[in-house]
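See below for the structure under consideration.
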Number of protein chains: 2
Amino acid sequence: MKTPASKVLVVGAGAIGAFYGSLLAKAGAEVSVVCRSDYDTVKQSGFTIVSADLGSYRFMPEQVLKDAADYQGPADYVLLCTKILPGADRAALLRPVVAPQTSIVFIQNGVDIEQEMLAAFPDNEVVSGLAFICCNRIGPGEIAHLAYGRLALGNLPGSVSAKTLELCRLFRETGIDCNASAAIVAERWLKCVWNAPFNPLSVLSGGLSTAEILHSEEPFVRHIMQDVCRIAEALGHPLPVDAVEQNIEKTYRMPPYKTSMLLDYEQGRPLETEAILGNAVRAAERANVSCPYLESLYASIRLKLLADAKRRHSNTACSHAPS
Amino acid sequence: MKTPASKVLVVGAGAIGAFYGSLLAKAGAEVSVVCRSDYDTVKQSGFTIVSADLGSYRFMPEQVLKDAADYQGPADYVLLCTKILPGADRAALLRPVVAPQTSIVFIQNGVDIEQEMLAAFPDNEVVSGLAFICCNRIGPGEIAHLAYGRLALGNLPGSVSAKTLELCRLFRETGIDCNASAAIVAERWLKCVWNAPFNPLSVLSGGLSTAEILHSEEPFVRHIMQDVCRIAEALGHPLPVDAVEQNIEKTYRMPPYKTSMLLDYEQGRPLETEAILGNAVRAAERANVSCPYLESLYASIRLKLLADAKRRHSNTACSHAPS
């Protein structure tokens, strides 16, 4: 006898959510989506996924919802795939659809984003997910999967449940690399070791690629990475001793990349500055760890975003400084 | 009997050089200028100075030269007023006109810029000058003096000679505030306490005023200022214990300013990044002093200038990073 298909609800079906949701549907799950911006298109004809690795295919969700409260559940898994932006209440997005048996899986960027979900859903499995992927929305209901796709999933505070293993199995069935990790919080900090220098510096510089940043300012990049390692360690998540070295070497081997933060910036989308940098700096403060390089990046990018916001609103009148 | 007029040659008669040269001429000195870009205009009709404080006036130099080697000297004082940019040999600019009795006065921005001149002219008086002024070239031979104008002058390595006092007296005769300092190197570092955060952050942010920077990121500004104080102290030039506090308070009282580096940036002129930031960071390395905030600014602005240079030359092809 076949086990019944897992019921999955994707909340925030942008590029990442639609892509990973489509994979679970391929693997036989009953996947529904909450999607606001492209609701009409998706309701009528689903998503079109154009993937470099997996070919082009259509993904027709079981239910297409404007509002999570309308979901016909209960869900075995909810996948939260929104960006983490200031003011967004992640728990509130899920609360209407979380049943006792629901595993809450967030596939999101940033560090120190666990506590909010653990506190909100103390009686549920909470699974932290990291996606290493390049994929973009290219039109209403149209998602381009450009490269990569690996997922890492792990239960919080640090284990792997049978249900999480089952989710990994479903993802792997579609040909995507998905591994379960009992140390997913450390993996999140490890990802931050790379993100912390390259994401903001690509924006601050005004468009440099990862290769250009590294070639020009490797010592600075290393300092930022070391700040992140120190914070992770102070929080009880020590990273591999060669974490910095590995990330430097990996980046030298990569082709020159535009970071996702630079792409967001160039396309006028909000940046995950707080989730990636702000949370790291605040965690350092709590742990009483010094992270001057990270702090500098965070302050500098905040100033840049402030200048951009001011420019959008009006021109600032100001005089000249003596020098 | 009247003492003969002092012979002064201004090398690098841009806005600063022309303005201070014009003051010495007002005070009765025989002032000549080396000026390349506006040579024809200045040769024919001198400089026109439009000053908020001093009114508008014409300054006809005694000799207008394309090349310092043509100067009919010897000069009592040469005033070097060029920007300090990488690759420029400051001593070479002066060598053709330095006689045994010539005092070498440089009115320039930056820190740690003394040794080059002391080494090049070991037998001359070398005077370090700091200008607190806002003045711009607004056309060929046309200089707008917008605000301020204070000068500080001091002999290197740390004294005040009779000749320097005489030069101060000449400047003061024209109504400009000019003080002699036996600790001019420390004063240069003190100026850097203000310049180090506000100049680069105004450019990195993409146009914020000093007030906006300070209101938004005061702790960061303080950290940068403290880095500069630590370097100065390690080099044997301890700054006042309240140097940071004073600079913060002063900036809160000032109207919102565009820094000179931001004006240079907006007008496509080269920035004195190396003289202000690079020299400070290198001095810190020599003195084995940590200055992570300053280092971060220096690296970030170098990346921005690199991106600008690349943009001017070609578009960088690059792919997308996973995240």
Side-chain angles (χ1 to χ4, degrees), chain A residues 109 131-134 136 146-150 191 194-195 198-199 201-202 204-213 216-217 219-221 223-224 254-263 290 292-293 295-300 302-304 306-308 310-311 316-323, chain B residues 109 131-134 136 146-150 191 194-195 198-199 201-202 204-213 216-217 219-221 223-224 254-263 290 292-293 295-300 302-304 306-308 310-311 316-323:
Chain A
N109 263 324
F132 300 83
I133 187 166
C134 179
N136 284 317
L146 301 167
Y148 307 94
R150 181 167 81 82
K191 190 177 184 195
W194 194 92
N195 276 336
F198 290 110
N199 270 305
L201 285 176
S202 63
L204 267 181
S205 66
L208 289 186
S209 73
T210 52
E212 289 163 341
I213 292 166
S216 170
E217 300 292 339
F220 182 41
V221 168
H223 280 308
I224 301 161
M254 283 160 56
Y257 277 120
K258 282 197 172 193
T259 68
S260 59
M261 196 178 273
L262 177 57
L263 292 173
S290 155
Y293 298 95
E295 259 183 85
S296 298
L297 275 192
Y298 179 48
S300 298
R302 278 163 53 103
L303 288 173
K304 187 175 172 76
L306 177 65
D308 290 344
K310 293 212 171 224
R311 214 184 340 268
T316 313
C318 70
S319 191
H320 302 75
S323 95
Chain B
N109 263 324
F132 300 83
I133 187 166
C134 179
N136 284 319
L146 301 167
Y148 306 95
R150 181 168 80 84
K191 191 178 182 193
W194 193 91
N195 276 334
F198 291 110
N199 271 302
L201 285 176
S202 63
L204 267 181
S205 67
L208 289 185
S209 73
T210 51
E212 290 163 339
I213 292 167
S216 170
E217 300 292 338
F220 182 41
V221 168
H223 280 307
I224 302 161
M254 282 159 55
Y257 276 121
K258 281 197 173 195
T259 68
S260 60
M261 195 177 273
L262 176 58
L263 293 173
S290 156
Y293 298 95
E295 260 182 85
S296 298
L297 275 192
Y298 178 48
S300 298
R302 278 164 51 104
L303 287 173
K304 186 174 173 76
L306 177 64
D308 291 343
K310 294 211 170 224
R311 213 183 341 267
T316 312
C318 70
S319 190
H320 303 74
S323 98

Min side-chain heavy-atom separation [X]-[Y] under 4.5 Å:
X	Y	answer
A:Leu204	B:Lys304	no
A:Leu297	B:Ser296	no
B:Ser216	A:Leu303	yes
B:Tyr293	A:Glu295	yes

**Message:** Looking at every non-hydrogen atom in both residues, tell me the closest pair between A:Arg311 and B:Gly206 and how far apart they are.
**Reply:**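 Here A:Arg311 and B:Gly206 meet closest at NH1-O, 2.8 Å.
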**Request:** Of all the heavy-atom pairs spanning A:Glu212 and B:Leu306, show the shortest one and how long it is.
**Result:**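 Taking A:Glu212 first and B:Leu306 second, the nearest heavy atoms are O-CD2, 4.2 Å.
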